[in-house]
Amino acid sequence: MTTVRTRFAPSPTGLLHVGGIRTALFGWLLARQQGGQFVLRFEDTDKAREVAGAREHLIECLRTLGLLYDEGPDIGGPFGPYTQSQRLDHYQQWAQKLIAKGRAYADPYSAEQVQTFRDQARADKQAFLYRNHRPQQPPIWDGTTPLRFKSDPKGYAWHDAVMGDLQTGPEVIDDFILIKSDGYPTYNFAHIIDDLEMEITHIMRGQEFLASLPNYLNLYEALEIRPPVLATMPHILAENGNKKLSKRDGAKDVLDYIRDGYLPETLVNFIASLGWNDGTEQELFTVEELIAKFSLDHVQRSGARFDEKRLEWMNGAKIRELPLAELYARSQSYWPATATAADDSYKRQVLGLLQERLKFLAEIPQLSAFFFTDLAVSPELISTNKQLQKYAASELAGWLQTSRDSLAGSDFSSPDLTDRLNALLETTGQKPGVLFSLIRIATTQSPASPALADTMALLGKDRCLARIAAQLAAFATDA
RNA sequence: GGCCUCAUCGUCUAUCGGUUAGGACGCCAGGUUCUCAUCCUGGCAAUUGGAGUUCGAUUCUCCAUGAGGUCACCA
């Protein structure tokens, strides 16, 4: 019994978005579940498309989500190097083996000539097959032209761990390029060599590779190696349209979500449940549960749409599950500038009141503003309030004055405030909707807040009375 | 155009021949002596279409339709 070894093999050509990370997540889950290894490998064979900083970004995404790899470019491992551009000698060796076997040959055509063939095929409404133009007597390969695989066209029937049993005819098999004229291997060649040498047991990848799979099977045969378990993942579709989720369509990358205050465990849970379920009605999973329950045969075969609303809901649910101390520790970088002077104990209590209404941590500044600074009196809060807009300023001022007089005698503990607020309903003869809205607006200058007594208790007596005074002054000028 | 894949509420999904087709998000309504939110209750909402197999099809087969992928010296 061999140990399970999975890999995530991105090319450093851009930022990693949620669609791309799912392949990594599933590979990681499987490796962890089976007690195997998860490998990171950079497929940097296209130097033209390489984006500076992409490697660091990919590593940061994996680390942030907790998808720690056991072997990789920056940490090494027994099968290194883990960067394809540093493995050119490996590909060269295997290429020579294929040449020796008569299964690889130099491409004698110029790019323009090949393009002509391609255009012709298109004009004939046919799929382009290079092998239809396979040269009779190709020149010796000197490394300055592409090296092509000499395919052996035949039909295949194979099993995909996600898609099930698949089959194709010989018409999809072609002489693809193994090594480009710049000396770098193509993905098609390099990944097969690397997965073999790194002893990868399960290959997970997006369905865009499904069409080339028969070609890989053909190459596996030529190399006389047994293919790993193949698992094809459906695409994650963008919110609008049916296109594959991509950066161009405004898809946020993983770190964007982290910056907005989505918890890593939310992202992991959400991405896992986009296209996978355990067969039950469970929606929320801890990472440990995912590791225990994940299985390739429960991966959905159809594409899933990314639903931000659902992600928000899930993040809110995860935030509420967190112990306050843990949530507070994670909230550090989200507090508004006005909170820097506040002490930890106070901020922690504020967070306690906010916890049940946060959807993501970046909402903290907006929801907590009035806890840290005195907001200016806003007449619109009253004029747009359904309960209050029908009363004259003098009436409101009267009730607020009565309230102030009572509150001035309070110790501002939450229970005492509750008692006094309830008593004030009697004294003023107003409904809670009216009186409490009035006091809330006076003390917070915000349209919404946590429960009134709790909010006032935390704000403290001095601050609340001062704010009520400011509101009364505004009423006076108004009248 | 060739080849391949897919198809259940608006969205994510359960069902592996027999269910009043279930759950979740969102939405709507109500409740939790105030707002926003949480929580609770209820409501709206789906098996793409047509044949066939079967006592019985969401489920199996075929066709159609729709969607996606692929046909690069990109991965």
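Values below: every heavy atom of this structure, side chains too, minus hydrogens, waters and symmetry copies. Please read these numbers as outputs of a predicted model, since none were measured by experiment. In what follows, every chain begins at residue 1, and chains take the letters A, B, ... in the order their sequences are listed.
Among the protein residues, A/Ser11 comes within range of the sugar-phosphate backbone only, with heavy atoms under 4.0 Å from sugar or phosphate atoms but none that close to a base. If you check every strand for non-hydrogen atoms under 4.0 Å, A/Lys431 touches nothing. Among the protein residues, A/Gln300 comes within range of the sugar-phosphate backbone only, with heavy atoms under 4.0 Å from sugar or phosphate atoms but none that close to a base. Residue A/Asn385 is out of contact with every strand shown, counting any heavy-atom pair closer than 4.0 Å. Base engagement by A/Glu283 is indicated by at least one non-hydrogen atom pair under 4.0 Å involving a base atom. Nucleic acid contact for A/Gly275: sugar-phosphate only, since backbone atoms but no base atoms lie under 4.0 Å from a heavy atom of the residue. Using a 4.0 Å heavy-atom distance criterion, A/Ser273 is classed as a sugar-phosphate-only contact. Within the 4.0 angstrom heavy-atom criterion, base atoms lie near A/Leu452. Nucleic acid contact class of A/Ala48 (heavy atoms, under 4.0 Å, all strands): none. Residue contacts for A/Gln126: at a heavy-atom cut-off of 4.0 Å it reaches a base atom on one of the strands shown. Using a 4.0 Å heavy-atom cutoff across all strands shown, A/Phe209 reaches at least one base atom of the nucleic acid.
Aromatic ring centres of A/Phe306 and A/Phe270 lie closer together than 6.0 Å. Taking the six-membered ring where the residue is Trp, the centroids of A/Phe209 and A/Tyr187 are separated by under 6.0 Å. If you look at A/Tyr216 and A/Trp158, their ring centroids are not closer than 6.0 Å.
To the nearest angstrom, C1' of B/rA72 lies 15 Å from OH of A/Tyr187. Going from atom CZ of A/Phe436 over to atom C1' of B/rC34 covers 6 Å, rounded to whole Å. Atom pair A/Asn269:CG and B/rU13:C1' shows a separation of 14 Å (rounding to whole Å applied). Atom CG in A/Leu213 sits roughly 19 Å away from atom P in B/rC3 (whole-Å rounding). Taking atom CG of A/Asp44 as the reference point, atom P of B/rA75 lies 10 Å away to the nearest angstrom. Note: CD (A/Glu171) to C1' (B/rU70) measures 13 Å, nearest angstrom. The distance between atom CG of A/Leu166 and atom P of B/rC3, rounded to the nearest whole Å, is 16 Å. Atom CD in A/Glu363 sits about 10 Å away from atom C1' in B/rA37, given to the nearest Å.
The side chain of A/Ser212 lies closest to B/rA75 when the candidates are B/rU35, B/rA75, B/rA37. Between B/rU70, B/rG23, B/rC34, one nucleotide has an atom nearer to the side chain of A/Glu281 than all others, and that is B/rG23. Of the candidates B/rG69, B/rC4, B/rU38, the closest approach to any side-chain atom of A/Leu210 belongs to B/rC4. With B/rG1, B/rG69, B/rA75 as the candidates, the nucleotide lying closest to the side chain of A/Ala127 is B/rG1. Here the side chain of A/Ala448 is nearest to one of B/rU35, B/rU13, B/rC25, namely B/rU35. The listed nucleotides are B/rU38, B/rU35, B/rU11; the one nearest the side chain of A/Asp307 is B/rU11. Of the listed nucleotides (B/rC74, B/rA24, B/rA7), B/rC74 has the atom at the smallest distance from the side chain of A/Asp46. When distances are taken from the side chain of A/Gln207 to each of B/rG69, B/rC12, B/rU35, the shortest belongs to B/rG69. Candidate nucleotides B/rC6, B/rA24, B/rA75 were compared by shortest atom distance to the side chain of A/Arg310, and B/rA24 ranks first. The side chain of A/Lys125 lies closest to B/rG1 when the candidates are B/rG1, B/rA75, B/rC34.
For A/Ser302 against B/rC6, a side-chain-to-base donor-acceptor contact under 3.5 Å is absent. For a distance-only test at 3.5 Å, the side chain of A/Arg305 fails to qualify as a donor-acceptor partner of the base of B/rC12.
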Would you sort out whether A/Val254 and A/Tyr257 count as a side-chain contact (heavy atoms from CB on, under 4.5 Å), showing the intermediate values? CA-CA 5 Å; A/Val254 173; A/Tyr257 285 104; 5.8 Å; no

Under the side-chain contact (heavy atoms from CB on, under 4.5 Å) rule, what do A/Asn315 and A/Lys359 come out as? Steps first, then yes or no, please. CA-CA 6 Å; A/Asn315 201 49; A/Lys359 291 208 182 320; 5.9 Å; no

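For the P atom pair drawn from B/rG43 and B/rA57, the interatomic distance equals 29 Å after rounding to whole Å. Across the P atoms, B/rC62 and B/rC6 are found 12 Å apart, a figure rounded to whole Å. If you take atom C1' in B/rC73 and the same atom in B/rA14, they sit 47 Å apart, rounded to whole Å. Straight-line distance between the P atoms of B/rU5 and B/rC55: roughly 31 Å, to the nearest whole Å. If you take atom C1' in B/rA24 and the same atom in B/rC9, they sit 12 Å apart, rounded to whole Å.
Here the side chain of A/Ser331 pairs a donor or acceptor atom with the backbone of A/Tyr328 at under 3.5 angstrom. Between the side chain of A/Asp174 and the backbone N or O of A/Leu129 there is no donor-acceptor pair closer than 3.5 Å.
Residue A/Arg301 has a polar side-chain atom (N or O) positioned under 4.0 Å from OP1 or OP2 of B/rC6. In this structure, A/Arg148 reaches the B/rC73 phosphate: one of its side-chain N or O atoms is under 4.0 Å from OP1 or OP2. Side-chain N/O atoms of A/Lys309 include none lying less than 4.0 angstrom from OP1 or OP2 on B/rC12. The phosphate of B/rG2 (OP1 or OP2) has no side-chain N or O of A/Arg118 nearer than 4.0 angstrom. In this structure, A/Lys180 reaches the B/rC74 phosphate: one of its side-chain N or O atoms is under 4.0 Å from OP1 or OP2. The shortest distance between the side-chain N/O atoms of A/Arg320 and the OP1/OP2 oxygens of B/rC39 is below 4.0 Å.
Comparing A/Asn277 and A/Thr186 against RNA chain B, the residue whose closest nucleotide sits nearer the 5' end is A/Asn277. Nearest-nucleotide assignment on RNA chain B puts the 5′-proximal partner with A/Pro450, out of A/Pro450 and A/Thr45.
The partner of B/rG10 is B/rC25, judged by Watson-Crick or G-U wobble contacts that both fall below 3.5 Å. In this entry B/rU15 has no Watson-Crick or G-U wobble partner, no candidate having both defining distances under 3.5 Å. The partner of B/rC3 is B/rG69, by the rule that a Watson-Crick or G-U pair needs both atom distances under 3.5 Å. Using the Watson-Crick or G-U wobble rule with both distances under 3.5 Å, B/rU35 pairs with nothing in any strand shown. Across all strands shown, B/rA51 forms a Watson-Crick or G-U wobble pair with B/rU61, both key distances being under 3.5 Å.
Between A/Arg310 and A/Glu283 there is a salt bridge, since a side-chain N of the basic residue sits under 4.0 Å from a carboxylate O of the acidic one.
Among A/Arg131, A/Arg148, A/Lys150, A/Arg134, the one residue that satisfies the salt bridge (charged side-chain N to carboxylate O under 4.0 Å, His left out) test with A/Asp175 is A/Arg134.
Atom CD of A/Glu380 sits in a crowded spot, with more than 12 heavy atoms from other residues, nucleotides or ligands closer than 6.0 Å.
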